[in-house]
Amino acid sequence: METVRTTVLGYPRIGARRELKRATEDYWAGRIDAAALDQAAAALRRDTWETLRVAGVDLVPSHTFSLYDHVLDHAELFGAVPRRFAGLQGLDRYFAMARGAEGVPPLEMTKWFDTNYHYLVPELGPDTTFRTAGARSRPVAEYHEAAALGVTTRPVLLGPLSFLLLAKPAADAPKDFRPLDLLEPLLDAYVGLLDALADAGVEWVQLDEPVLAADRNAAELSALRTAYERLGSTAHRPKLLVATYFGPIGPALPVLARTRVDGLALDLVAGAADADRIAAAGLGDRTLVAGLVDGRNIWRTDLSRAMSVAASLLGSVGDLVVGTSSSLLHVPLDLTLEDDLPDRLRDRLAFARQKVDEVVLLGRALREGHHGVERELAESSAAIATATDTVDGRVRARLASLGTGTDRRDYAERARLQAETGGLPPLPTTTIGSFPQTARIRRARADLRAGRIDQATYDTRMRAEIDEIIALQEDIGLDVLVHGEPERNDMVQYFAERLSGYASTSHGWVQSYGTRYVRPPILHADVSRPEPMTVEWTKYAQSRTDKPVKGMLTGPVTMLAWSFVRDDQPQAETARQVALALRDEIRDLEAAGIRYIQVDEPALRELLPLRAADQPAYVDWAVGAFRLATSGVCERTQIHSHMCYSEFGEIVDTIDALDADVTSVEAARSRMELVTDLAKAGYRRGIGPGVYDIHSPRIPTVAEIEEALRLALEAVPPDRLWVNPDCGLKTRTYAEVEPALRHLVEATRRVRATLPT
């Protein structure tokens, strides 16, 4: 057999016990200094390198660690820092770009392709001057750091095309400016960094170009060719490994094959068809990293199938390296930390640490042949066989009987009936759902979990929290209230724990952004609702006020997007099962007298396939699932939805097709960009653009919110405009939330006073 080596494209950086979160938040709170934070970060990097080395990975990556976000790191690395941060230095500037500072708004944040990871969007303009990152830069320093531990690494950089295409023009940039206009000066900076890496002794550098998994036009493919002809022609450089992931590489494959790059890393899970194109691509003696172990989901790899694909590639390339399809950033760290999962389910799973073992095993099998790993292959085949307990005939029969009848009466008629019933003022104010998850709430949850209190005591404490939240909202003057969700740990996990077909982890944390981590539940079987999930809490909140209270649910698409979903049936069918359970919940809320019901779909854009040819089928089932969930109510019941931190301007027709009565959207960081997109597309339903950026600790002023509202009114008439924050408030403190909401209400009062009567 040929020599086959192994690698991974990246690894979780948060630590087994969320050490990164604790250290970073301790730094923000002033409990530790910058040196202590750096020490904690170094320990996490060391643990990763040691873990991969001991596991037997041949080619270990470095510069995959980040204190907040790797795209932000690259903006800093090349000096792409907007002028408003010029007065700050070091970590103060870095975290201000991520979270904002007093009087300084942060960079915009959006989803990383079709994942639930969020990245900070670089802001570029014609006057952006890129810095040449040299011998003292972070990629070089981390290479030396690993080398001192006896680990030779492959530094990872975001590729130049992805850096520019993921950026946005600065607010003051000319209308005709495109970030791609800066390719040549950016390449100068990359050449300087490659020179420094070569001087440090680096053999390989990985340049991530995930934008190649999406459709790229002729100008962008030409820029790709320009970039890698330039970098490949640089005399003093390490070998270049260009990596793409989250889908097939498409027409970029022959473009890169004609440049001087030394290797390619391809996602052969999401882009399985690429395996058949490699032989014809003319890669010659280049290295190929075959991404055969899924970096996005938690199911065990079909090792026999992966071996077959890998074996078919031998002889088509110079060197074959077995690897992960993407970075393992998107999966939990280690399955061995989980004690409570059912054995039948547990045997089917692989978290990041177990995926490393799969990569190493595949490399060994390809080097030594099947006879050396027969037992492991047999165990893998047995574990991934379709389980017998995944089907619920009653759920499938109900869905078959419902058919596709999911239409409501025309929106204009609904709006008239809802206005007659609601009695709300112009520009009604509300929030997105959650209020701060205080230490008191977390302590009650921990006490219940540990058995120190019983369920009745816990419920009493949660009702007391709801009493305070309702009273606060009435005092502030909001028009449509929420119960604050004190009983909910997470907007997906809470429902997953109450639906059959789901399982939850204890330590399965995955980074969403910065220090915001989530534990995606595991959707492994047919879904149903054994009993109501939110009705009693919402009824209780409504009993404490004369103002209307919104019911709050997580939509079917988001329930899939933010879970690890079974791969043994089409996602469309799984989404319909979740929608059916939510349909029952919505009807029970309506029967309890709740007339405003919000079904959040922040992940609607996130699951949109990256290539246009695959998008219509997704839109069809995603819209169908939402409408199945929400179409069982009467016309006077107002259905809201919420969306945040994705480029929703790309799917305005889909938002319209959902047929929600009111849609609230992230808009504070993007200066009402989506509102304008919706207006241009002819959107005629209610809209609630976020006027308060809750992902920053900044408290917006009354003037700032008033300005945002007046900007929104340029695109949306007042009878369809709602006023709300960007997102739920659970991650903020009451010291931030209360004054911000008071400013929101006061700004709304001022704008209302200027409206025509």
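In this chain, numbering begins with 1 at the start of the sequence shown. The basis for the numbers below is simple: all heavy atoms, side chains too, and nothing from hydrogens, waters or symmetry mates.
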| request: Take atom CD of Gln569 as the centre, draw a 6.0 Å sphere, and report whether it contains more than 12 heavy atoms from other residues, nucleotides or ligands. | output: yes
| query | Under a 4.0 Å N-O cut-off, is there an ion pair linking Arg45 with Glu145? | reply | yes
| Salt bridge present between Arg364 and Glu376 (N-O < 4.0 angstrom) | yes
| Below 4.0 angstrom, N of the basic side chain to O of the carboxylate: do Arg396 and Asp526 qualify? | yes
| Is there a donor-acceptor contact under 3.5 Å linking the side chains of Glu497 and Gln493? | yes
| field | Over-ring placement of Lys111 relative to Tyr119, 6.0 Å and 45° cut-offs | value | no
| query | Is it true that Tyr117 and His70 have ring centroids separated by less than 6.0 Å? | reply | yes
| field | Carboxylate-amine/guanidinium contact Arg296 Asp114, below 4.0 Å | value | yes
| query | Ion pair present between Asp26 and Arg31, side-chain N to carboxylate O less than 4.0 angstrom? | reply | yes
| message | Is it the case that the ring center of Phe246 lies less than 6.0 angstrom away from the ring center of His330? | response | yes
| Are His524 and Trp299 an aromatic pair by the rule of ring centers under 6.0 Å? | no
| query | Is the Lys NZ or Arg CZ of Arg488 less than 6.0 Å from the centre of Tyr494's six-membered ring, within 45° of the axis? | reply | yes
| field | Option among Arg99, Glu25, Arg18 that satisfies the side chain to side chain donor-acceptor pair (under 3.5 Å) test with Thr515 | value | Glu25
